[in-house]
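Quick notes on the structure that follows.
So you know, we letter chains A, B, ... as the sequences are listed, proteins then strands, and number each from 1.
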Amino acid sequence: MNIFRLVGDLSHLAALIILLLKIWKSRSCAGVSGKSQIMFAMVYMTRYLDLFTTFVSVYNSVMKVVFLLFSFVTVYLIYFKFKATYDGNHDTFRVEFLVVPVAGLAVLVNHEFSFLEILWTFSIYLESVAILPQLFMISKTGCEAETITSHYLFALGIYRALYIANWIFRYYMEGFFDFIAIVAGCVQTILYCDFFYLYVTKVWKGKRLTIPA
Amino acid sequence: QMWPAKKDEL
């Protein structure tokens, strides 16, 4: 555990809490892509199956359970409790265009051809693109993203960027590297770059955020 | 050295 990973994990946790609080307090999931949230739930489900097979640390297990739980609650709030406020007409990204290629890639490019390892690889690849429906939704509507949604996206994006620093650190300190995680993590971070720029130049100056289509 | 099978990251 190093500082980059710890802050990254806390940022990841903060993102999930921000989104949950936003939906709960406003009693509305307007502007939130349910498709992205379903994909994140799939990411956690396929990656954290090792909860049943391997124990790393209490921290590791607790965080995994919390991520799973928060993610399920978010999906429940969007598709059941506050379904009436879900803006499905604008959440039109074709999820199969992401999930099918990602599943194919996970079967073809992985560390080991085993069930758990392929699911882990699938989760890494899927996480890197899971935010696209959300970004697409904001750019497509031309509507301004709520500031709180921007904070959510920033926290979620910066988490993987911090993980890249963590991987560089670990490569030099421990000699470990995971090519799959690093490449996917870089792709993921690049997808957020445009958003990061807009976030810093607009949201920090008190304006609302729009993503040009 | 590649990543160990026991994955310690989240």
Subject >> Check: A:F4 ring centroid to A:Y163 ring centroid under 6.0 Å >> reply: no
Original post:
Around A:Y171, counting heavy atoms of other residues, nucleotides and ligands shown, do more than 12 lie under 6.0 Å from its OH?
Top reply: no
Subject >> Stepwise ring-ring contact (aromatic ring centres under 6.0 Å, His included) check, A:Y199 with A:H151 >> reply: CA-CA 8 Å; A:Y199 183 79; A:H151 295 327; 5.8 Å; yes
**OP:** Check whether A:Y44 gets within reach of chain B through its side chain, its backbone, both or neither, counting any heavy atom under 4.5 Å.
**Re:** neither
**OP:** Check whether the side chains of A:Q134 and A:D91 place a donor and an acceptor atom closer than 3.5 Å, and report yes or no.
**Re:** no
**OP:** Determine whether A:L156 and A:Y192 make a side-chain contact, defined as any pair of heavy atoms from C-beta on separated by less than 4.5 Å.
**Re:**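 Counting from C-beta outward, A:L156 and A:Y192 do come under 4.5 Å.
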Original post:
Can you tell if the side chain of A:V129 reaches within under 4.5 Å of the side chain of A:V102, non-hydrogen atoms only?
Top reply: yes
**OP:** Output the residues of residues 5-40 of chain A for which the shortest heavy-atom distance to chain B is under 4.5 Å, in residue-number order; output 'none' if no such residue exists.
**Re:** A:R5, A:D9
